[in-house]
Amino acid sequence: MASQTTPTAPVININAGDKEIACDGGGGALGHPLVYLPFANKSQVVCYYCGKRFEKRPSKA
Ligand SMILES: [Zn+2]
């Protein structure tokens, strides 16, 4: 919802052709069970475990 004083969540750029991403939080203390996050028709998705944001790059060479 509204973003208020959110910590600087990392943004990971992924290939525009990917339909889903897998996130495990990066392992270590911040890790979490591996989850797959489908993009559906969206250009970005946020991991509900660790808050990482995955954004598709603009499709240009
Ligand atoms: Zn995650």
Side-chain angles (χ1 to χ4, degrees):
M1 297 309 182
S3 60
Q4 32 177 282
T5 60
T6 46
T8 54
V11 176
I12 290 81
N13 287 107
I14 59 106
N15 295 322
D18 289 354
K19 292 185 174 60
E20 66 178 11
I21 57 90
C23 183
D24 66 356
L30 298 177
H32 59 69
L34 183 68
V35 291
Y36 290 92
L37 305 167
F39 278 97
N41 293 320
K42 296 174 291 186
S43 61
Q44 69 171 41
V45 68
V46 177
C47 177
Y48 49 82
Y49 270 104
C50 65
K52 274 185 189 173
R53 191 148 53 97
F54 298 85
E55 284 188 359
K56 288 186 178 182
R57 304 172 200 265
S59 58
K60 58 182 175 183

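First listed ligand is number 1; within each ligand, the first listed atom is number 1. What you see is a predicted model; the values in this text were computed from it and never measured. All values below come from the heavy atoms of this structure, side chains included, with hydrogens, waters and symmetry mates left out.
- Put simply, the side chain of I14 reaches to within 4.5 Å of the side chain of K56, judged on heavy atoms.
- Although no hydrogens or angles enter the test, the distance criterion places a donor-acceptor pair under 3.5 Å between the side chain of D24 and the main chain of G26.
- Minimum interatomic distance between F39 and F54 (heavy atoms only, all atoms of both residues): CE2-O, 3.7 Å.
- Of all protein N, O or S atoms, those under 2.8 Å from the Zn ion (ligand 1) number 4.
- Heavy-atom minimum distance, C23 versus H32: O-CE1, 3.1 Å.
- From D18, atom CG reaches atom CZ of R57 across 10.0 Å, with rounding to the nearest 0.5 Å.
- Here the NZ-CG distance, from K52 to L37, works out to 11.0 Å after rounding to the nearest 0.5 Å.
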